[in-house]
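Here's the structure, in structure tokens; my notes come after.
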Number of protein chains: 2
Amino acid sequence: MVSSHTPNSPGRQHSPGAATGPTERAATTTTGEGRPFAADAVDAIVDQWAQVRPDLDTGPMAVYGRIYRIARTMGDAVEKEYARFGVSRGEFDVLATLRRSGEPYTLSPRELSATLMLTTGGMTGRLDRLERAGLLTRNPCPDDRRALRVTLTDRGLELADGAVTAGLGVQHQKLGSALDTEEAEQLATLLRKLLGAHE
Amino acid sequence: MVSSHTPNSPGRQHSPGAATGPTERAATTTTGEGRPFAADAVDAIVDQWAQVRPDLDTGPMAVYGRIYRIARTMGDAVEKEYARFGVSRGEFDVLATLRRSGEPYTLSPRELSATLMLTTGGMTGRLDRLERAGLLTRNPCPDDRRALRVTLTDRGLELADGAVTAGLGVQHQKLGSALDTEEAEQLATLLRKLLGAHE
DNA sequence: AGTAAATAGCTTACTCGCTAGCTACTTAGT
DNA sequence: ACTAAGTAGCTAGCGAGTAAGCTATTTACT
């Protein structure tokens, strides 16, 4: 009873946030505890743990397990949107950071890698690809000869504007289909509080 | 005023959920809108977008932006815990899935890759490493000569039990420091609703 | 001035996932 | 029976990150 697994959608892509042990199974509701809401995949996992390790305090899974899964699902969805513009999510993040920094859309690789929480080696690679694609330029910094000035090209700016709109569209749609405005605000408030403890 | 960046902690690690364009900056509160709560990194990003693209509906960022960041931060934190046991997060996920499937702690690579949303190629690699580490065994399946039976060893079971406790401990601590019990429950309920729309 | 420490960006080696294609086996259709 | 399609797991090659180490330059100290 514990070992029947539902082979879900033929999984693809990277596995960023499956974390505390994701599982897919339709709500078999193995433990018949009266639950006020439709059981989801995370409830199934928690139930499974309760059966084999009833001593475990699985409380945090109800929050973090879902956060991991939502992050992954939505991440995959927006990634598909960005792909229509010919960039990956990581590459989009670079363009978006430059875009929202305002004119003249210029930052240093150092600022970008710090902002995007990326090693400098990783940043070099992303800039290489984006420069090759003609979406940004690298110029020497006049004030500091160690440093560079990375600037969005017109094409890069245009792409960033299109992609950010597309990405927000997907998010807006999913969010709106699940929660009303008040709930979404509640959720944002609770998440801000939680994020505060994380940063 | 738009281009001063605070080089935050010397970022490392992979960049799974930075998404809609993460930024680090202390709450400079460039737009002096009376905000009832302490502004976080996501508020700063939203403010920045408001300045350069006031037409944009950045509402979803308040939810998904924070979800990405929390997923990443907590993911890194638990990864460190698992590292003390000598396994990566992905490897732990395999052990945990077997552990919570109950006795005899046996699943097929297919079941595992489906559950963990991993390609079969990726699964082969993880099983190779875990088998080499003596944490699980691969045996032929008696019913289907194409298939295998992956089983946790005693060491694997022990490690899974220790690591899941450690990981939950970290999560419990962070969650408890940010929210009281009622808020955590509210959050879990809203996230369940949102995850429902995603799966 | 003169030197030590810090910083910017790049390079190299390594990791680990994905894609795509393969063989072996099983199931379904005739 | 026989064949066609589907499934299980593996392998090869690629992509994109990390970690660690490098050079050039700047800053801070004496």
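Protein chains get the first letters and strands the later ones, always in sequence-line order, with residue 1 at the start of each.
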Hey, would you say the A:Tyr68 and B:His198 ring centroids sit under 6.0 Å apart?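 Distance test on ring centres: not under 6.0 Å, no.
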Only counting residues at least two apart or in another chain, list the ones meeting side-chain hydrogen bond (donor to acceptor under 3.5 Å, both in side chains) with A:Ser108.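 Only A:Glu111 meet the side-chain hydrogen bond (donor to acceptor under 3.5 Å, both in side chains) criterion with A:Ser108.
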Report the residues that fulfil side-chain hydrogen bond (donor to acceptor under 3.5 Å, both in side chains) with B:Arg53, sequence neighbours left out, ordered by chain and then residue number.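 side-chain hydrogen bond (donor to acceptor under 3.5 Å, both in side chains) check on B:Arg53 returns A:Asp161, B:Asp55.
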How long is the line joining [atom1] of [X] and [atom2] of [N], in whole Å?
| X | N | atom1 | atom2 | value |
| --- | --- | --- | --- | --- |
| A:Leu112 | C:dT7 | CG | P | 18 Å |
| B:Arg110 | C:dC25 | CZ | P | 17 Å |
| B:Met123 | C:dT19 | CE | P | 16 Å |
| B:Leu118 | D:dA8 | CG | P | 15 Å |
| A:Leu116 | C:dG9 | CG | P | 13 Å |
| A:Arg89 | D:dG17 | CZ | C1' | 14 Å |
| A:Glu111 | C:dA8 | CD | C1' | 12 Å |
| B:Leu148 | C:dA24 | CG | C1' | 12 Å |

For B:Arg145, what residues pass the salt bridge (Lys or Arg N to Asp or Glu O under 4.0 Å) criterion, not counting sequence neighbours?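 If we apply the salt bridge (Lys or Arg N to Asp or Glu O under 4.0 Å) test to B:Arg145, skipping adjacent residues, there are no hits.
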Applying salt bridge (Lys or Arg N to Asp or Glu O under 4.0 Å), can you list everything that pairs with A:Glu185, at least two apart in sequence or on another chain?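 For A:Glu185 there are no salt bridge (Lys or Arg N to Asp or Glu O under 4.0 Å) partners, ignoring immediate neighbours.
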Between CZ of B:Arg146 and CZ of B:Arg110, what distance do you get to the nearest 0.5 Å?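 Rounded to the nearest 0.5 Å, the CZ-CZ separation comes out at 9.5 Å.
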May I ask you to list the residues of residues 138-146 of chain B, by number, that have any heavy atom positioned under 4.0 Å from an atom of DNA chain D?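 The stretch gives B:Arg138, B:Arg146 as the residues lying under 4.0 Å from the strand, ordered by number.
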If you draw the axis of the six-membered ring of A:Phe92, does the NZ or CZ of A:Arg126 fall within 45° of it and under 6.0 Å from the ring centre?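 A:Arg126 over A:Phe92 ring: no.
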Determine whether B:Arg149 and B:Arg138 make a side-chain contact, defined as any pair of heavy atoms from C-beta on separated by less than 4.5 Å.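 The answer is no, as the side chains (C-beta and beyond) never meet within the 4.5 Å cut-off.
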Close side-chain approach of A:Tyr64 to B:Ile70, heavy-atom, < 4.5 Å: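 A:Tyr64 vs B:Ile70: side chains touch.
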Listing time: all N or O pairs from protein to nucleotides 11-16 of chain C that are below 3.5 Å?
none

